[in-house]
There are 2 protein chains.
Amino acid sequence: MEKQIKIKPTESELEILQILWALGKATVRQVNDELSKTKEVGYTTTLKIMQIMFEKQLVSRTDEGRYHVYEAAVGEEPTQHMLLDKFIDSTFRGSATRMVMQALGNQQVSKEELEEIKKLIDSIEKGQ
Amino acid sequence: MEKQIKIKPTESELEILQILWALGKATVRQVNDELSKTKEVGYTTTLKIMQIMFEKQLVSRTDEGRYHVYEAAVGEEPTQHMLLDKFIDSTFRGSATRMVMQALGNQQVSKEELEEIKKLIDSIEKGQ
DNA sequence: TCTTATCTACGAAAATTTTCGTAATAAAAT
DNA sequence: ATTTTATTACGAAAATTTTCGTAGATAAGA
(Lines give C-alpha, C1' and ligand atoms only; values in the text may rest on other atoms or scores of the structure.)
Protein backbone atom coordinates (compact mmCIF):
# COMPACT_ATOMS: atom_id res chain seq x y z
CA MET A 1 0.00 0.00 0.00
CA GLU A 2 1.20 3.49 -0.79
CA LYS A 3 1.78 5.87 2.01
CA GLN A 4 -1.23 8.05 2.58
CA ILE A 5 0.22 11.10 4.29
CA LYS A 6 -1.68 13.31 1.91
CA ILE A 7 -0.85 16.95 1.77
CA LYS A 8 -3.52 18.96 0.05
CA PRO A 9 -1.96 20.50 -3.05
CA THR A 10 -2.58 24.15 -3.81
CA GLU A 11 -4.39 25.06 -7.00
CA SER A 12 -1.19 25.66 -8.92
CA GLU A 13 0.25 22.44 -7.64
CA LEU A 14 -2.83 20.54 -8.71
CA GLU A 15 -2.56 21.94 -12.23
CA ILE A 16 0.96 20.63 -12.42
CA LEU A 17 -0.01 17.26 -11.01
CA GLN A 18 -2.66 16.95 -13.71
CA ILE A 19 -0.02 17.51 -16.34
CA LEU A 20 2.35 15.02 -14.76
CA TRP A 21 -0.41 12.42 -14.46
CA ALA A 22 -1.11 12.88 -18.16
CA LEU A 23 2.49 12.89 -19.33
CA GLY A 24 4.00 10.43 -16.90
CA LYS A 25 7.41 12.04 -16.80
CA ALA A 26 8.26 15.58 -17.79
CA THR A 27 10.83 18.31 -17.45
CA VAL A 28 10.02 21.73 -16.08
CA ARG A 29 10.15 23.00 -19.63
CA GLN A 30 7.54 20.54 -20.80
CA VAL A 31 5.26 21.29 -17.90
CA ASN A 32 5.66 24.99 -18.48
CA ASP A 33 4.83 24.56 -22.15
CA GLU A 34 1.62 22.75 -21.21
CA LEU A 35 0.66 25.40 -18.70
CA SER A 36 1.37 28.11 -21.25
CA LYS A 37 -1.32 26.71 -23.48
CA THR A 38 -3.99 27.93 -21.10
CA LYS A 39 -2.38 30.81 -19.23
CA GLU A 40 0.54 33.17 -19.09
CA VAL A 41 3.17 31.79 -16.77
CA GLY A 42 6.91 32.39 -16.44
CA TYR A 43 9.36 29.53 -16.58
CA THR A 44 10.89 30.25 -13.19
CA THR A 45 7.44 30.39 -11.65
CA THR A 46 6.75 26.85 -12.79
CA LEU A 47 10.22 25.79 -11.73
CA LYS A 48 9.76 27.23 -8.26
CA ILE A 49 6.43 25.54 -7.71
CA MET A 50 7.84 22.24 -8.83
CA GLN A 51 10.77 22.66 -6.46
CA ILE A 52 8.33 23.28 -3.63
CA MET A 53 6.36 20.22 -4.69
CA PHE A 54 9.55 18.22 -4.55
CA GLU A 55 10.17 19.37 -0.98
CA LYS A 56 6.60 18.44 -0.07
CA GLN A 57 7.12 15.06 -1.74
CA LEU A 58 4.29 15.61 -4.17
CA VAL A 59 6.67 14.84 -7.00
CA SER A 60 9.89 12.90 -7.39
CA ARG A 61 12.67 13.64 -9.82
CA THR A 62 15.70 12.08 -11.36
CA ASP A 63 18.81 13.62 -12.84
CA GLU A 64 18.96 12.98 -16.55
CA GLY A 65 22.15 14.51 -17.71
CA ARG A 66 21.99 18.15 -16.79
CA TYR A 67 18.37 18.58 -16.00
CA HIS A 68 15.68 17.05 -13.88
CA VAL A 69 12.89 14.81 -14.99
CA TYR A 70 9.89 14.99 -12.75
CA GLU A 71 7.16 12.52 -11.99
CA ALA A 72 4.11 12.64 -9.75
CA ALA A 73 4.81 11.01 -6.41
CA VAL A 74 1.15 10.83 -5.44
CA GLY A 75 -1.40 8.79 -7.32
CA GLU A 76 -4.18 10.41 -9.27
CA GLU A 77 -7.02 8.41 -7.74
CA PRO A 78 -6.03 8.70 -4.08
CA THR A 79 -5.48 12.40 -4.53
CA GLN A 80 -8.84 12.87 -6.22
CA HIS A 81 -10.41 10.84 -3.47
CA MET A 82 -8.94 13.03 -0.76
CA LEU A 83 -9.90 16.24 -2.54
CA LEU A 84 -13.38 14.91 -3.16
CA ASP A 85 -13.86 14.12 0.52
CA LYS A 86 -12.78 17.59 1.53
CA PHE A 87 -14.91 19.18 -1.14
CA ILE A 88 -18.04 17.29 -0.16
CA ASP A 89 -17.43 18.25 3.45
CA SER A 90 -16.90 21.91 2.84
CA THR A 91 -19.39 22.54 0.08
CA PHE A 92 -22.13 19.96 0.54
CA ARG A 93 -21.96 19.54 4.30
CA GLY A 94 -20.83 15.96 3.92
CA SER A 95 -23.64 14.72 1.68
CA ALA A 96 -22.22 12.88 -1.30
CA THR A 97 -25.72 12.20 -2.51
CA ARG A 98 -26.62 15.84 -2.72
CA MET A 99 -23.49 16.54 -4.64
CA VAL A 100 -24.00 13.69 -7.07
CA MET A 101 -27.55 14.75 -7.71
CA GLN A 102 -26.52 18.27 -8.41
CA ALA A 103 -23.71 17.10 -10.65
CA LEU A 104 -26.05 14.92 -12.67
CA GLY A 105 -28.60 17.66 -12.92
CA ASN A 106 -26.28 20.45 -13.82
CA GLN A 107 -23.63 18.90 -15.96
CA GLN A 108 -23.76 17.63 -19.47
CA VAL A 109 -23.75 13.90 -18.96
CA SER A 110 -24.45 11.73 -21.95
CA LYS A 111 -26.97 8.90 -22.08
CA GLU A 112 -24.13 6.41 -22.23
CA GLU A 113 -22.56 7.85 -19.13
CA LEU A 114 -25.85 7.80 -17.27
CA GLU A 115 -26.19 4.13 -18.16
CA GLU A 116 -22.70 3.50 -16.93
CA ILE A 117 -23.53 5.14 -13.63
CA LYS A 118 -26.68 3.09 -13.28
CA LYS A 119 -24.69 -0.06 -13.82
CA LEU A 120 -22.28 1.03 -11.15
CA ILE A 121 -25.13 1.64 -8.73
CA ASP A 122 -26.52 -1.80 -9.45
CA SER A 123 -23.20 -3.44 -8.80
CA ILE A 124 -22.80 -1.52 -5.56
CA GLU A 125 -26.26 -2.59 -4.46
CA LYS A 126 -25.51 -6.21 -5.26
CA GLY A 127 -22.28 -6.00 -3.36
CA GLN A 128 -23.95 -4.76 -0.22
CA MET B 1 -33.09 35.74 -12.35
CA GLU B 2 -30.47 36.48 -9.72
CA LYS B 3 -27.27 38.10 -10.76
CA GLN B 4 -24.66 35.48 -11.48
CA ILE B 5 -21.44 37.42 -11.11
CA LYS B 6 -20.15 34.82 -8.72
CA ILE B 7 -17.05 35.51 -6.76
CA LYS B 8 -15.46 32.34 -5.50
CA PRO B 9 -15.50 32.46 -1.71
CA THR B 10 -12.37 31.53 0.21
CA GLU B 11 -12.48 28.54 2.52
CA SER B 12 -13.20 30.65 5.57
CA GLU B 13 -15.87 32.53 3.74
CA LEU B 14 -17.51 29.32 2.65
CA GLU B 15 -17.63 28.08 6.23
CA ILE B 16 -19.45 31.23 7.20
CA LEU B 17 -21.82 30.97 4.26
CA GLN B 18 -22.70 27.44 5.33
CA ILE B 19 -23.64 28.75 8.75
CA LEU B 20 -25.68 31.59 7.32
CA TRP B 21 -27.48 29.25 4.94
CA ALA B 22 -28.36 27.07 7.90
CA LEU B 23 -29.39 29.86 10.25
CA GLY B 24 -30.92 32.28 7.81
CA LYS B 25 -29.96 35.41 9.71
CA ALA B 26 -27.28 35.71 12.33
CA THR B 27 -25.08 38.14 14.17
CA VAL B 28 -21.32 37.91 14.15
CA ARG B 29 -21.56 36.54 17.66
CA GLN B 30 -23.81 33.72 16.59
CA VAL B 31 -21.66 32.84 13.63
CA ASN B 32 -18.59 32.89 15.79
CA ASP B 33 -20.24 30.61 18.33
CA GLU B 34 -21.02 28.13 15.57
CA LEU B 35 -17.49 28.26 14.23
CA SER B 36 -16.11 27.79 17.73
CA LYS B 37 -17.81 24.43 17.94
CA THR B 38 -15.37 22.98 15.47
CA LYS B 39 -12.29 25.17 15.75
CA GLU B 40 -10.55 27.85 17.72
CA VAL B 41 -11.33 31.23 16.26
CA GLY B 42 -11.27 34.75 17.68
CA TYR B 43 -14.31 36.98 17.56
CA THR B 44 -12.59 39.76 15.67
CA THR B 45 -11.33 37.28 13.12
CA THR B 46 -14.86 36.22 12.31
CA LEU B 47 -15.98 39.84 12.33
CA LYS B 48 -13.27 40.84 9.90
CA ILE B 49 -14.04 38.08 7.46
CA MET B 50 -17.72 38.95 7.54
CA GLN B 51 -16.89 42.59 6.90
CA ILE B 52 -14.86 41.54 3.88
CA MET B 53 -17.73 39.35 2.73
CA PHE B 54 -20.01 42.36 3.02
CA GLU B 55 -17.68 44.38 0.80
CA LYS B 56 -17.61 41.52 -1.70
CA GLN B 57 -21.41 41.36 -1.55
CA LEU B 58 -21.37 37.77 -0.40
CA VAL B 59 -23.56 38.77 2.53
CA SER B 60 -25.97 41.56 3.28
CA ARG B 61 -26.67 43.07 6.66
CA THR B 62 -29.17 45.22 8.46
CA ASP B 63 -28.81 47.40 11.52
CA GLU B 64 -30.86 46.02 14.35
CA GLY B 65 -30.41 48.42 17.20
CA ARG B 66 -26.72 48.56 17.91
CA TYR B 67 -25.47 45.58 16.03
CA HIS B 68 -25.61 44.05 12.60
CA VAL B 69 -27.65 41.10 11.48
CA TYR B 70 -26.13 39.29 8.56
CA GLU B 71 -27.65 37.17 5.86
CA ALA B 72 -26.20 35.32 2.90
CA ALA B 73 -26.50 37.37 -0.28
CA VAL B 74 -25.71 34.45 -2.55
CA GLY B 75 -27.87 31.38 -2.82
CA GLU B 76 -26.71 28.01 -1.62
CA GLU B 77 -27.48 26.10 -4.81
CA PRO B 78 -25.97 28.52 -7.32
CA THR B 79 -22.87 28.77 -5.19
CA GLN B 80 -22.55 25.01 -4.89
CA HIS B 81 -23.09 24.75 -8.62
CA MET B 82 -20.30 27.17 -9.37
CA LEU B 83 -17.92 25.51 -6.94
CA LEU B 84 -18.81 22.10 -8.31
CA ASP B 85 -18.03 23.20 -11.87
CA LYS B 86 -14.66 24.55 -10.85
CA PHE B 87 -13.91 21.48 -8.79
CA ILE B 88 -14.76 19.07 -11.59
CA ASP B 89 -12.59 21.09 -13.93
CA SER B 90 -9.56 21.28 -11.71
CA THR B 91 -9.68 17.85 -10.13
CA PHE B 92 -11.41 15.59 -12.62
CA ARG B 93 -10.36 17.31 -15.84
CA GLY B 94 -13.94 18.23 -16.58
CA SER B 95 -15.49 14.78 -16.33
CA ALA B 96 -18.54 14.87 -14.09
CA THR B 97 -19.07 11.18 -14.73
CA ARG B 98 -15.70 10.23 -13.39
CA MET B 99 -16.30 12.27 -10.30
CA VAL B 100 -19.74 10.85 -9.69
CA MET B 101 -18.46 7.33 -10.09
CA GLN B 102 -15.68 7.92 -7.64
CA ALA B 103 -18.06 9.58 -5.21
CA LEU B 104 -20.44 6.65 -5.35
CA GLY B 105 -17.65 4.15 -5.01
CA ASN B 106 -15.82 5.83 -2.20
CA GLN B 107 -18.45 7.42 -0.06
CA GLN B 108 -20.94 5.91 2.25
CA VAL B 109 -24.13 6.17 0.29
CA SER B 110 -27.15 4.31 1.59
CA LYS B 111 -29.35 2.02 -0.43
CA GLU B 112 -32.14 4.57 -0.26
CA GLU B 113 -29.90 7.27 -1.62
CA LEU B 114 -28.71 5.05 -4.43
CA GLU B 115 -32.34 4.42 -5.35
CA GLU B 116 -32.99 8.13 -5.29
CA ILE B 117 -30.11 8.71 -7.66
CA LYS B 118 -31.33 6.02 -10.00
CA LYS B 119 -34.72 7.67 -10.10
CA LEU B 120 -33.08 10.95 -10.92
CA ILE B 121 -31.16 9.36 -13.77
CA ASP B 122 -34.34 7.84 -15.12
CA SER B 123 -36.11 11.16 -15.08
CA ILE B 124 -33.18 12.84 -16.80
CA GLU B 125 -33.19 10.15 -19.50
CA LYS B 126 -36.90 10.58 -20.06
CA GLY B 127 -36.46 14.30 -20.32
CA GLN B 128 -33.87 14.04 -23.05
C1' DT C 1 37.63 29.90 -27.79
C1' DC C 2 34.00 32.96 -27.11
C1' DT C 3 29.28 33.86 -27.15
C1' DT C 4 24.68 32.52 -26.58
C1' DA C 5 21.09 29.80 -24.75
C1' DT C 6 19.20 26.73 -21.20
C1' DC C 7 18.56 24.95 -16.72
C1' DT C 8 18.83 25.13 -11.65
C1' DA C 9 19.02 27.27 -7.09
C1' DC C 10 18.00 30.89 -4.24
C1' DG C 11 15.83 34.65 -2.30
C1' DA C 12 12.76 38.06 -2.15
C1' DA C 13 8.76 40.68 -3.79
C1' DA C 14 3.80 40.61 -4.63
C1' DA C 15 -0.67 39.00 -3.85
C1' DT C 16 -3.96 36.74 -1.18
C1' DT C 17 -5.93 35.05 2.99
C1' DT C 18 -6.22 34.75 7.92
C1' DT C 19 -5.54 36.42 12.47
C1' DC C 20 -5.57 39.69 15.99
C1' DG C 21 -4.79 44.08 18.79
C1' DT C 22 -6.57 48.61 19.76
C1' DA C 23 -9.73 52.33 20.00
C1' DA C 24 -14.34 54.20 19.86
C1' DT C 25 -19.05 53.70 21.00
C1' DA C 26 -23.13 52.28 23.11
C1' DA C 27 -25.68 49.38 26.12
C1' DA C 28 -26.12 47.01 30.57
C1' DA C 29 -25.09 46.33 35.30
C1' DT C 30 -23.86 47.90 39.83
C1' DA D 1 -22.89 58.08 37.84
C1' DT D 2 -19.47 54.80 37.22
C1' DT D 3 -17.88 50.56 35.81
C1' DT D 4 -18.20 46.58 33.09
C1' DT D 5 -19.45 44.30 28.94
C1' DA D 6 -20.35 43.81 24.06
C1' DT D 7 -20.12 45.49 19.44
C1' DT D 8 -17.98 47.67 15.41
C1' DA D 9 -14.28 49.76 12.59
C1' DC D 10 -9.72 49.98 11.40
C1' DG D 11 -5.23 48.74 10.49
C1' DA D 12 -1.58 45.98 10.54
C1' DA D 13 0.83 41.60 11.45
C1' DA D 14 1.24 36.74 10.18
C1' DA D 15 0.78 33.02 7.15
C1' DT D 16 0.27 31.15 2.75
C1' DT D 17 0.64 31.13 -2.14
C1' DT D 18 2.31 32.91 -6.44
C1' DT D 19 5.48 35.38 -9.23
C1' DC D 20 9.82 36.78 -10.76
C1' DG D 21 14.75 38.58 -10.93
C1' DT D 22 19.46 37.28 -10.56
C1' DA D 23 23.47 34.45 -10.40
C1' DG D 24 25.97 30.25 -11.36
C1' DA D 25 26.70 26.25 -14.11
C1' DT D 26 26.63 23.55 -18.22
C1' DA D 27 25.76 22.66 -22.89
C1' DA D 28 25.42 24.20 -27.71
C1' DG D 29 26.62 27.06 -31.51
C1' DA D 30 29.56 30.33 -34.10
Side-chain angles (χ1 to χ4, degrees), chain A residues 6-20 23 25-71 74 79 83 86-87 90-91, chain B residues 6-20 23 25-71 74 79 83 86-87 90-91:
Chain A
K6 277 285 157 49
I7 311 155
K8 184 177 181 182
T10 69
E11 282 190 21
S12 300
E13 289 170 347
L14 184 57
E15 279 183 307
I16 290 174
L17 282 176
Q18 297 283 7
I19 291 169
L20 290 176
L23 297 183
K25 294 167 181 255
T27 63
V28 175
R29 173 64 57 197
Q30 287 175 297
V31 171
N32 187 249
D33 286 348
E34 285 297 314
L35 286 175
S36 300
K37 288 178 183 171
T38 52
K39 65 169 187 179
E40 188 89 2
V41 57
Y43 175 85
T44 51
T45 301
T46 304
L47 170 68
K48 181 63 169 188
I49 294 177
M50 290 177 75
Q51 286 171 342
I52 292 169
M53 291 171 80
F54 178 68
E55 285 167 26
K56 290 189 188 174
Q57 313 244 49
L58 287 172
V59 298
S60 60
R61 70 186 186 197
T62 54
D63 282 27
E64 304 264 334
R66 172 164 66 101
Y67 41 81
H68 292 144
V69 176
Y70 287 81
E71 197 170 358
V74 294
T79 303
L83 293 173
K86 286 186 192 296
F87 180 72
S90 64
T91 306
Chain B
K6 277 285 157 49
I7 312 157
K8 184 177 181 183
T10 67
E11 282 191 20
S12 300
E13 289 170 348
L14 183 58
E15 280 184 306
I16 290 174
L17 282 176
Q18 296 284 6
I19 291 170
L20 289 176
L23 298 183
K25 294 167 182 255
T27 62
V28 175
R29 173 62 58 196
Q30 287 174 297
V31 170
N32 187 249
D33 285 349
E34 285 298 315
L35 286 175
S36 300
K37 288 179 183 171
T38 52
K39 65 170 187 179
E40 188 88 3
V41 58
Y43 175 85
T44 51
T45 301
T46 303
L47 170 67
K48 181 64 169 188
I49 293 177
M50 290 177 75
Q51 286 172 342
I52 292 169
M53 291 171 80
F54 178 68
E55 286 167 26
K56 291 188 187 174
Q57 314 244 49
L58 287 171
V59 299
S60 60
R61 70 186 185 196
T62 54
D63 282 27
E64 304 264 332
R66 171 166 66 102
Y67 40 82
H68 293 145
V69 175
Y70 287 82
E71 197 170 358
V74 294
T79 303
L83 293 173
K86 286 185 192 297
F87 179 72
S90 64
T91 306

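Every value quoted in this text rests on a predicted model; they were computed, and no experiment measured them. To find a chain, count down the sequence lines: A is the first, B the second, and so on, and within it residues start at 1. The figures here come from the full heavy-atom set of this structure, side chains too, leaving out hydrogens, waters and symmetry mates.
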Worksheet entry | Qualifying side-chain hydrogen bond (donor to acceptor under 3.5 Å, both in side chains) pairs with a residue from residues 44-55 of chain B, counting only residues at least two apart or across chains |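 Matches after skipping sequence neighbours: B:N32-B:T46.
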Going by the rule side-chain contact (heavy atoms from CB on, under 4.5 Å), which residues pair with [X] if we only count those two or more places apart in sequence or in a different chain?
{"X": "A:T38", "result": "none"}
{"X": "B:T10", "result": "B:S12, B:E13, B:K56"}
{"X": "B:K8", "result": "A:E11, B:L83, B:K86"}

Item to complete: Check DNA chain C against residues 27-35 of chain A and give the residues with a non-hydrogen atom under 4.0 Å, in numerical order.
Response: A:V28, A:R29
Fill in: Candidates C:dC7, C:dC10, D:dT7 - which lies nearest the side chain of B:Y43
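Given the options C:dC7, C:dC10, D:dT7, the side chain of B:Y43 is closest to D:dT7.
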Fill in: Which nucleotide in C:dA9, C:dC7, D:dA9 has an atom nearest any side-chain atom of B:H68
D:dA9
Worksheet item: Does a side-chain N or O from B:R61 land closer than 4.0 Å to OP1 or OP2 of D:dT7, or not?
Response: no
Worksheet item: Should A:Q51 be listed as having a side-chain N or O under 4.0 Å from OP1 or OP2 of C:dT8?
Response: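 No.
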Discussion item. Using every non-hydrogen atom in the two residues, find where A:L14 and B:S90 come nearest and quote the distance to one decimal.
Written reply: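 So the two residues come closest at CD2-O, 3.5 Å.
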Practice prompt. May I ask you to decide if B:E15's main-chain N or O and B:Q18's side chain share a donor-acceptor pair within less than 3.5 Å?
Written response: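 Checked: no pair found.
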Item to complete: At under 4.0 Å between heavy atoms, which parts of nucleotides 11-19 of chain C does protein reach? Answer with one letter per nucleotide, 5' to 3': B base, S sugar-phosphate only, - none.
Response: BB----SBB
